[in-house]
Amino acid sequence: MTISEYRLPQAAFSWEELKKDANGLIPVIVQDEKTLQVRMLAYMNEEAYNTTLKTGRMTYYSRSRKEQWVKGMTSGNIQYVKSLTADCDLDTILAIVYQQGGLSCHTGAESCFFHTISEIPEKGKSAEEKAKENLQ
């Protein structure tokens, strides 16, 4: 069976059991299966959730465009589900994915998380030196 033929087993939680925000959406944190790097944060509505479970391809709801979208249908950077896990409150989903193609972010980056706000500097380097390196 190829990855495109993969189908997920029966879901342990129905859409009704998950806790959604006031707009009927649930956030999805997406991690790479091999590196565990956080690739992106997106949202699902009921249709996106059920489509993801049915097809094995990560499907989201675009809050700005107000429509469902299958990740990678335009870019070719498709995300295939390896696992979906709900947090303790059933109000956030963690998706571990196989990323076909190297990019997850609409900016062309591997991950959407690349703007450093603050971090503990490496031993022997000042925060200023580390900041200068990040600008290069």
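As a basis for the values below, the full set of heavy atoms in this structure was taken, side chains included, without hydrogen atoms, waters or symmetry mates. What you see is a predicted model, and the numbers here were worked out from it, not measured in a lab.
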For Ser104, which of Gln99, Glu110, Gln37 qualifies under side chain to side chain donor-acceptor pair (under 3.5 Å)?
Gln99
Side chains of Leu94 and Thr92: closer than 4.5 Å at any heavy-atom pair?
no
N/O donor-acceptor pair under 3.5 Å between Thr116 side chain and Ser118 backbone:
no
Minimum heavy-atom distance Pro27-Leu41, with the two atoms named:
CB-CD1, 4.0 Å
Do Cys105 and Phe113 make a side-chain contact, defined as non-hydrogen atoms from C-beta onward lying under 4.5 Å apart?
no
Is it true that the side chains of Tyr60 and Glu67 contain a donor and an acceptor less than 3.5 Å apart?
no
Minimum side-chain heavy-atom gap Ile26-Met44 below 4.5 Å
yes
Spell out, yes or no, whether Tyr61 and Tyr49 are grouped together once hydrophobic residues are joined by side-chain heavy atoms under 4.5 Å, including indirect joins.
no
Has the side chain of Lys71 got a donor or acceptor atom that lies under 3.5 Å from a matching backbone atom of Tyr80?
no
Can you tell me how far CD1 of Ile96 sits from OG1 of Thr85, rounded to the nearest 0.5 angstrom?
6.5 Å
Indicate, with yes or no, if Leu25 and Val28 share a hydrophobic cluster defined by side-chain heavy-atom contacts under 4.5 Å among Ile, Leu, Val, Met, Phe, Trp and Tyr.
no
Is a side-chain donor-acceptor pair under 3.5 Å present for Thr59 with Gln68?
no
Pair Thr52-Val81, side chain to side chain contact (heavy atoms under 4.5 Å, CB included): steps then yes or no:
CA-CA 8 Å; Thr52 296; Val81 177; 3.6 Å; yes
If a pair satisfies salt bridge (Lys or Arg N to Asp or Glu O under 4.0 Å) and one of its residues is in residues 13-23, list it, with sequence neighbours excluded.
none
